[in-house]
Participant: 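Pasting a structure below so you can have a look.
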Amino acid sequence: QVQLTESGGGLVQAGGSLRLSCAASDRTGPNNDYDMGWFRRAPGQERDFVAAITWIGYSTYYSDSVKGRFTISRDNLKNTLYLQMNNLKPEDTAVYFCAARTVTGPRPSDSLRDGITYDFWGQGTQVTVSS
């Protein structure tokens with residue numbers, strides 16, 4: 001079982017940058033064999049996919065709204081997931097969640113955009129972008 005702890009959220013002006021971190025700890029052993037993702041929930045909205053990075057091949061995926069502005073990465077030696085957010089917009093204001101899912105074999109890449117396929121979730125961190 002893995003515990004996910006997010007940090008790095010806060011208040012930033014439009015056009016600014018912010019870097020989110022998600023530290024993972026697994027009491028049963030190494031936590032590297034996971035696909036990892038970031039999701040967000042804006043006020044009054046459903047939870048939306050932001051970005052994901054796979055364990056096999058380290059492939060990355062982004063929503064159209066953040067492509068070119070956000071970068072997802074992982075440091076497996078530190079068991080940490082990152083989301084670098086540049087050129088932030090007020091519409092990026094949301095609670096951001098990191099998530100992990102166990103890699104058991106080949107799966108459709110589109111499933112990375114669906115939160116129900118993930119097994120573990122962090123508590124969320126607030127990101128507020130002012131105009």
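Just so it is clear, the structure is predicted and the values come from calculations on it, not from any experiment.
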Participant: Output yes when K89 and D92 qualify as a salt bridge under the 4.0 Å nitrogen-oxygen rule, no when they do not.
Facilitator: no
Participant: Hydrophobic cluster membership, with links at side-chain heavy-atom distances under 4.5 Å among I/L/V/M/F/W/Y: are L88 and W38 in one?
Facilitator: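 The answer is yes; both residues are in one hydrophobic cluster.
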Participant: For the side chain of D35 and the backbone of W55, is there at least one donor-acceptor N/O pair under 3.5 Å apart?
Facilitator: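 Answer holds: yes.
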Participant: Going by distance alone, is a donor N or O of one side chain under 3.5 Å from an acceptor N or O of the other, for S65 and S63?
Facilitator: yes
Participant: When you measure from the side chain of T93 to the backbone N and O of V129, does any donor-acceptor pair fall under 3.5 Å?
Facilitator: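 Yes.
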Participant: At what distance, to the nearest 0.5 angstrom, does OG1 of T71 lie from CE of M85?
Facilitator: 11.0 Å
Participant: For the aromatic rings, using the six-membered ring if either is Trp, is the centroid distance between Y118 and F39 under 6.0 Å?
Facilitator: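 Between F39 and Y118, which both carry aromatic rings, the centre distance is below 6.0 Å.
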Participant: So which atom in N87 and which in R69 form the shortest heavy-atom distance, rounded to 0.1 Å?
Facilitator: O-NH1, 3.0 Å
Participant: Quick check for you: to the nearest 0.5 Å, what is the distance between D119 atom CG and T102 atom OG1?
Facilitator: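 Spacing of CG (D119) from OG1 (T102) equals 4.5 Å.
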Participant: Would you name the heavy atoms of R41 and Q45 that are closest together and state the gap between them?
Facilitator: CG-O, 3.4 Å
Participant: For residues F49 and Y62: do they belong to one hydrophobic cluster (side chain heavy atoms under 4.5 Å, members Ile, Leu, Val, Met, Phe, Trp, Tyr)?
Facilitator: no
Participant: Just one of F120, F97, Y34 clears the side-chain contact (heavy atoms from CB on, under 4.5 Å) bar with L4, so which one?
Facilitator: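 Passing option: F120.
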Participant: If the condition is salt bridge (charged side-chain N to carboxylate O under 4.0 Å, His left out), which residues does R113 pass it with, not counting sequence neighbours?
Facilitator: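 For R113 there are no salt bridge (charged side-chain N to carboxylate O under 4.0 Å, His left out) partners, ignoring immediate neighbours.
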Participant: Looking only at heavy atoms, which two atoms of K78 and T80 are closest? And how far apart?
Facilitator: O-OG1, 2.9 Å
Participant: Are more than 12 heavy atoms from other residues, nucleotides or ligands located less than 6.0 Å from atom CD of Q126?
Facilitator: yes
Participant: Taking all heavy atoms of G8 and all of L18, pick out the closest pair and write down the distance.
Facilitator: O-CG, 3.5 Å
Participant: Please report the closest heavy-atom contact between T54 and R74, naming both atoms and the distance.
Facilitator: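 Between these two residues, the closest heavy atoms are O-NH1, 3.3 Å.
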Participant: Would you say the side chain of Y61 lies within less than 4.5 Å of the side chain of D110, judging by non-hydrogen atoms?
Facilitator: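 Counting from C-beta outward, D110 and Y61 never come under 4.5 Å.
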Participant: Measure the spacing between CH2 of W121 and CZ of R101 and express it to the nearest 0.5 Å.
Facilitator: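 So the CH2 of W121 and the CZ of R101 are separated by 11.0 Å.
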Participant: Is F70 reachable from V12 through a run of hydrophobic residues whose side-chain heavy atoms are each under 4.5 Å from the next?
Facilitator: yes
Participant: Taking all heavy atoms of P90 and all of A14, pick out the closest pair and write down the distance.
Facilitator: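 Minimum heavy-atom separation between P90 and A14: CD-CB, 4.1 Å.
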Participant: Let me confirm one number: the OH-CG distance from Y58 to N76, rounded to the nearest 0.5 Å.
Facilitator: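 Output value for this atom pair is 4.0 Å.
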Participant: Taking atom CG of L20 and atom CD of Q84, what is their separation to the nearest 0.5 Å?
Facilitator: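 Here the rounded value is 9.0 Å.
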Participant: Please name all residues satisfying side-chain contact (heavy atoms from CB on, under 4.5 Å) with S7, sequence neighbours left out, ordered by chain then number.
Facilitator: S21
Participant: Between E6 and C98 (side chain of the first, backbone of the second, donor and acceptor by atom type, cut-off under 3.5 Å), is there such a pair?
Facilitator: yes
Participant: Output the distance between atom CZ (R19) and atom OG (S73), rounded to the nearest 0.5 Å.
Facilitator: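 Output value for this atom pair is 6.0 Å.
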Participant: Transitively linked via ILVMFWY side-chain contacts under 4.5 Å: V127 with Y82?
Facilitator: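 No; Y82 is not reachable from V127 via cluster members.
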